[in-house]
K.L.:
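The structure that follows is given in the form of structure tokens.
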Number of protein chains: 2
Amino acid sequence: MARSKEFDERAALDAAMQVFWEKGYEATSLSDLTARMGIQRTSLYATFGDKQSLFLACLAKYSEATMAYYQAKLQKETTIREAIRSCFADIIAAAYDAKPNRGCFSINTMVELAPHDPEFARITRHNQTQLQVLFQQAIERGMETGELAEKLDAAAVSRSLVVYMAGLLVTLKSKPEREFVEDSLSTLLQLLK
Amino acid sequence: MARSKEFDERAALDAAMQVFWEKGYEATSLSDLTARMGIQRTSLYATFGDKQSLFLACLAKYSEATMAYYQAKLQKETTIREAIRSCFADIIAAAYDAKPNRGCFSINTMVELAPHDPEFARITRHNQTQLQVLFQQAIERGMETGELAEKLDAAAVSRSLVVYMAGLLVTLKSKPEREFVEDSLSTLLQLLK
DNA sequence: ATAATTCCGTACCGATCAGTACAAAAAGGA
DNA sequence: TCCTTTTTGTACTGATCGGTACGGAATTAT
């Protein structure tokens, strides 16, 4: 038999995800990846395939983690309204903490790759839709419990929320005044009344 | 004296803008630029400086044109509400016509360059703010004429609008179902009631 | 210990990148 | 017509890109 791998595949994939998330696809070089992953070029190709395959694996990993995060968050808070507000507030808080501000991996990919590649358009569109469904289900729960008004169109409102979230993630990349995004968020949440 | 330029500087700049708008900064090569601009490499450097200088000139040209477009649009329509709806409706319509979907040059730049370059963060943030002011002024006019409710917070609502617009431009890059974005838009415009 | 098998490190591939040197060509002023 | 000045086209620079060939090192089974 042969020797076994000397590195942790999951850890390496996670490191690659960080690089792609921060720099995007084109701006990330194979040297960037191997340096951060702590493995050699040859090992990378043998384990993850070429650059695009690795990127796809990273994006999938990110999507799963993110969906699990939002699913948990939307069920934990005391009220639906507060849960949703908390999702957006966390995004704002993270943007002013992190350096540099990475935003959302899926949204970044949507901007960089979706327009020229139908496969990436499909994947990122799917991620967006998954998130919208989570919001819709949360809103519907809120309507059932009486927390939210019965007249709400849960599908339409949740669609507004995810479109707005994409806008928030993008806008934060320019480091606007906190007041700017916080005012916009407060206003948006009036849609839940 | 010497010979005069053989090409139209404005036309060349406009051509460069189209390429950068469509492909972004990094993905655009000097060869892409010279091919579309119809000039030689040397002429490009002599006239516009290096790649980044040319990009900045293109972004400035785009911003001026876009602001003029929105300023005119927000004053032309019959009602403020309809004028604003029309701004967003045009974005949606353009996204399904154009191939590929270029979105907004300034927003694209915000995603690609702002996180790693404070100068680009400043420029794109400024563009975003300028647009927000246009919306705010329009809303204030609507409140004065009685078209819109007096209780509106024009600044906060206009901030929501531009954040949402960024989200719309980004979301459209994944070619979602029209229903998706149209539902979200109808819902968002309830903020103007 | 030895053989078999897999991983790892280096060094390289052709292609392309942004940017430039240089000389021929062209145009204006005299 | 001739000289000066600028533009233009070609060909090149060193660097970096994604991807790979290949041999030595390490590890397991025999």
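Letters go in sequence order (proteins before strands), and every chain restarts at 1.
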K.L.:
Taking atom P of dG19(C) as reference, at what distance in whole Å does atom CD1 of I39(B) sit?
P.N.:
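Whole-Å distance recorded here is 14 Å.
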K.L.:
Quick one: do R36(A) and E22(A) make a salt bridge, cutoff under 4.0 Å?
P.N.:
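E22(A) and R36(A): salt-bridged.
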K.L.:
When the distance from CD of E9(A) to P of dC7(C) is rounded to whole Å, what number comes out?
P.N.:
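In whole Å, dC7(C) P and E9(A) CD are 10 Å from each other.
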K.L.:
Could you give me the CA-CA distance, side-chain angles and deciding distance for K23(A) and E112(B), then say whether salt bridge (charged side-chain N to carboxylate O under 4.0 Å, His left out) is met?
P.N.:
CA-CA 9 Å; K23(A) 308 186 67 172; E112(B) 182 184 3; over 6 Å; no
K.L.:
For Q40(A) and dC12(C), what is the distance between atoms CD and P respectively, to the nearest whole Å?
P.N.:
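Answer to the nearest Å: 16 Å.
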K.L.:
Can you find a side chain N or O atom of S43(A) that sits less than 4.0 Å from OP1 or OP2 on dC8(C)?
P.N.:
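Checking S43(A) against dC8(C): at least one side-chain N or O falls below 4.0 Å of OP1 or OP2.
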K.L.:
Reading nucleotides 16-21 of chain D from the 5' end, what letters show protein touch, with B for base, S for backbone sugar-phosphate only, - for no heavy atom under 4.0 Å?
P.N.:
-SBBBB
K.L.:
Regarding E119(A) and R122(A), does a basic nitrogen lie under 4.0 Å from an acidic carboxylate oxygen?
P.N.:
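Answer for the salt bridge query: yes.
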K.L.:
Just by distance, no angles: are the side chains of S174(A) and Q128(B) close enough, under 3.5 Å, to form a donor-acceptor pair?
P.N.:
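Per modelled atom types, S174(A) and Q128(B) side chains form no pair under 3.5 Å.
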K.L.:
Pairing donors with acceptors under 3.5 angstrom, does anything connect the side chains of N127(A) and T124(A)?
P.N.:
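There is no such pair (donor and acceptor under 3.5 Å, judged by atom type) between the side chains of N127(A) and T124(A).
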K.L.:
Suppose the criterion is ring-ring contact (aromatic ring centres under 6.0 Å, His included): which pairs have a residue in residues 107-156 of chain B, not counting sequence neighbours?
P.N.:
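Checked against ring-ring contact (aromatic ring centres under 6.0 Å, His included) - neighbours excluded - the pairs reaching residues 107-156 of chain B are F55(B)-F120(B).
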